[in-house]
A.B. asks: 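This structure is in structure tokens; I'll ask about it shortly.
Side-chain atoms are counted along with the backbone in the values below, which use heavy atoms only and exclude waters and symmetry mates. Within every chain, numbering begins at 1; the chains are lettered A, B, ... in the order of the sequence lines, protein sequences first and strands thereafter. Please read these numbers as outputs of a predicted model, since none were measured by experiment.
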Amino acid sequence: MTRLWVFAARDLRRMANDRRALVINLALPLLLTSIMGLSFGGGIFGKKGISAIPVALVAGELPDALRDRLLAGLQESGFFAPVWADSAQADALVRSGDVAAAIVLPDDALKGFFQSDSLSVAVWKDPSSEVKAGIVEEIVRRGVLRVQAGEAAYRALWPDDYRISTGDSAAVADLFAGGLDEIWRNLRDPDAVDSRKRATEFLARAMDHQVALSRALSEPQVGLTIADRIPVAAEDGRESSLFDYFLPSFAVFFLMFAVAGGARDLHRERTRRTLQRQLLGPGSAWPVVVGKWAASVVQGVVMLSVLLLAGALLFRVNLGPDPWTLPVVVVLTCTAASGFFMLLALLVRREKVLDNLSTAVILVSGMLGGNFMPVDNMPEWMAAVGRFFFNYWANLSFARVIGDNGSLTAVGTPLTVLATASAVLLVAIVVLFRLRVRRGGWA
Amino acid sequence: MIEVTDLVKKYGTHRAVDGVSFTVGRGELFGLLGPNGAGKTTTIGVLSTLLKADGGQVRIGGHDVASSPAQVRRLIGVVPQEIALYTDLTARDNLMFWGRLHGLGGAALSRRVEELLVMADLADQAKRRVDAYSGGMMRRLNLVAGLIHEPEVLFLDEPTVGIDAQARSRILDLIAQLGRQGLTVIYTTHYLEEAEHLCDRIGVIDRGRLVALGDKESLISQIGDVDLIRLSLPEGERAAFAAECGAWPECAGVGERRGKVEIRTPDGGRLLPRIQDWLRAHDLPLEQLEIERPNLETLYLNLTGRGLRENGS
């Protein structure tokens, strides 16, 4: 075990010294996945684009005309895709991530407002859609401020076609028709008592509205409550985007190049004779190749971890339902990948041949194993062929954990395949390496 | 210390080593001399347990190389012809790795690494990556890396290939120092002067066969006290000269090689006037004439008909 660690530590140190490999294996995949994240996963720190933000409106007993105008106004803005909902529906829509936020007015919002009661507007936000929900919040906040400034109150009270009642306004119009002498006569006309009464009532109510207006102007009567709604996904499922698939599948794709490079180093050591020098050390030959395999596994784990963590931090990619499922998938993916490419290296005799073969294998297995399209969307024949490649099972595991928020039990089968493949490949590389050394082919 | 008996190593039908036998005593510096492709590296490969022999027997320190490779490996150190180092690591990291590989660790390893860095005159360059070293520095590090576990036998496979004269001189001094310290060394080279300068005994190998074995003096005495004269002549005149020269009593043998006539004679000085007379008689100018005293090159030439720097394949 000590010798194995000596070999692995040596390779890890060399990898850390190799700036070119660090760029190719870490910086480049990070850059490419970031570009993909921005393309498929929405903006940084968000889930989707910022156009047509889905938003739910809860407005209780708001008059139809006002509801229609509010809806039309939001739609015409081009920023929102609004839907009406009752309180319970809006809550469900926010939690499921179908809308970024809900704007909630109390049932008697208008009535209460005109009765000079204070009004509370709430915004329920999906915390996983920070950007979009933030936009909704900001717009509502601005609207509330404008109401607080009296503008909304004025519009509600004095629209062009505003009438408290048609009759009342007619009465006022009749009462105030003609010149002053005519107005005076109308006010004293015993036959116009009813008309005068209605006109008086109208004016009194108009005065009330004036009072309400001046109060709205002098002190805020509309409050704003912002509340996050924890998405349902965080509890038992989640919204997924195309990037949730692309991040791990591209990470696995880059992993294959990285571990193929590690396997190629076996040939380089052979041509530089450092391999032969190692074989002259005491003890068995197997730690030489297993140490190199172990270093390749560690390199792969670091690479996948960095990419997945970057995806989670920058693009809110799901890292699974618990802290252990994804690490198990990552480790088994790396053990299988390293074993596969190390075996490939031992099967060919020259580095040049290995280079060409590795590239071909990576491209073919990448296609058939689901690195370029989601494993769940693969044609049946492709999935059937893909099962012969370790990356198919790795991609399937990542899809279940990241895409479906599946736990260890959900990825039992692919993990079993990866673990078995890793063990078989490890035994195969040890046996083949010993055979090569014994026959002198690697000396 | 080393006993090699009828060693055979084949690659397919080609016999790279063909019935080689020799012994090397403890503390002896033994040279294996031969051109490229003669079988030197293959011989070292079998002796160092990396290659399996197809015939014969090799014993090192009393252990059979084929049946007890692990015991043999504890006794030997190998310095391959190539720079078998991690050029992306520093000199110290390289030596630390090779030391750990041999089970060393802690203060003992650190101490040994410092000793070797001083020995290689690389102590002040220990923290630099090896790929920043000159060819000579790499060669010195390559050499001391084979000594990290203090072996009793050291195989040096052409350790001076591809370096300048000054760097070579430092390497040879280092090897001579190791010889004085009592290390048993097998040194392969195709540089005659290195073998002559360093080795107690020399085995001359050609096409997989050991064609001569002994110390320098005894090897040279095998060809007798004969000078070699090389004379440049126009192509049409060589045959006529050779025929006439062969009849002179001072001539021990005459032949043609590389566009020159080669004459072996017990006394080159006595033959020169005859050659001058012959040239004058045939109205030919003296273009080039060399007289060479007997050495290992002459021996090799006599034994194989080829020079040491020529490709042996």
Side-chain angles (χ1 to χ4, degrees), chain A residues 1-24 261-262 264-292 295 299 349 351 433-443, chain B residues 9-11 16 41-42 44-54 65-66 69-90 92-105 109 129-131 138 142 145-146 148-149 151 153-155 157:
Chain A
M1 205 62 192
T2 310
R3 285 189 79 222
L4 195 147
W5 173 241
V6 168
F7 292 117
R10 179 257 347 250
D11 272 4
L12 290 173
R13 187 157 202 153
R14 291 178 60 215
M15 285 169 192
N17 280 353
D18 190 349
R19 288 180 192 152
R20 195 176 67 96
L22 282 178
V23 168
I24 291 172
R264 188 168 56 234
D265 197 48
L266 196 62
H267 277 268
R268 287 202 181 136
E269 290 222 43
R270 188 181 158 211
T271 50
R272 289 175 185 169
R273 310 289 289 182
T274 46
L275 180 68
Q276 290 82 342
R277 209 168 210 174
Q278 289 167 63
L279 295 174
L280 288 169
S284 310
W286 67 265
V288 174
V289 74
V290 176
K292 198 163 273 299
Q299 180 197 19
R349 289 185 179 275
E351 188 183 339
F433 184 70
R434 289 181 66 178
L435 209 61
R436 289 247 185 259
V437 170
R438 195 170 296 166
R439 289 184 177 175
W442 284 64
Chain B
K9 175 66 189 174
K10 291 188 283 188
Y11 292 112
T41 300
T42 304
I44 294 291
V46 175
L47 265 59
S48 62
T49 75
L50 281 174
L51 295 175
K52 283 218 178 296
D54 294 305
V65 165
Q71 284 87 335
V72 170
R73 279 179 205 149
R74 287 198 189 93
L75 298 174
I76 64 169
V78 179
V79 179
Q81 196 177 126
E82 298 81 2
I83 303 292
L85 300 167
Y86 295 103
T87 53
D88 46 6
L89 295 179
T90 66
R92 178 173 281 114
D93 285 344
N94 265 283
L95 293 176
M96 293 295 273
F97 166 70
W98 296 116
R100 289 192 187 106
L101 176 71
H102 285 278
L104 301 177
L109 174 60
R129 277 171 56 137
V130 173
D131 50 14
M138 284 188 195
N142 196 38
I148 188 80
H149 56 299
V153 177
L154 184 67
F155 296 108
D157 190 7

A.B. asks: Would one find more than 12 heavy atoms of other residues, nucleotides or ligands at under 6.0 Å from atom CZ of A/R434?
C.D. replies: no

A.B. asks: So what's closer than 4.5 Å to chain B heavy atoms on A/Q278: side chain, backbone, both or neither?
C.D. replies: both

A.B. asks: Do B/N142 and A/R277 come close enough that some side-chain heavy atom pair is under 4.5 Å?
C.D. replies: yes

A.B. asks: Top residue by heavy-atom pair count (under 4.5 Å) with chain B, among A/D18, A/V288, A/T271, A/N17?
C.D. replies: A/N17

A.B. asks: Rounded at 0.5 Å granularity, tell me how far CD in B/E82 sits from CD in A/Q276.
C.D. replies: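 CD of A/Q276 is found 7.5 Å from CD of B/E82.
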
A.B. asks: At what distance, to the nearest 0.5 angstrom, does CG of B/L101 lie from OG1 of A/T274?
C.D. replies: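 It comes to 11.0 Å.
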
A.B. asks: Just give me the residue among A/G281, A/P287, A/S284 that pairs up with chain B most often, heavy atom to heavy atom, under 4.5 Å.
C.D. replies: A/G281

A.B. asks: Would one find more than 12 heavy atoms of other residues, nucleotides or ligands at under 6.0 Å from atom CZ of B/R129?
C.D. replies: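 Enclosed.
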
A.B. asks: Report which part of B/V72 has an atom under 4.5 Å of a heavy atom belonging to chain A: side chain, backbone, both, or neither.
C.D. replies: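 Answer is neither: B/V72 stays 4.5 Å or more from chain A.
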
A.B. asks: Taking side chain to side chain contact (heavy atoms under 4.5 Å, CB included) as the test, write out the residues that go with B/N94, two or more places apart.
C.D. replies: B/L85, B/Y86, B/L89, B/W98, B/V130

A.B. asks: When you compare the side chain of A/L279 with that of B/L50, does any pair of heavy atoms fall below 4.5 Å?
C.D. replies: yes

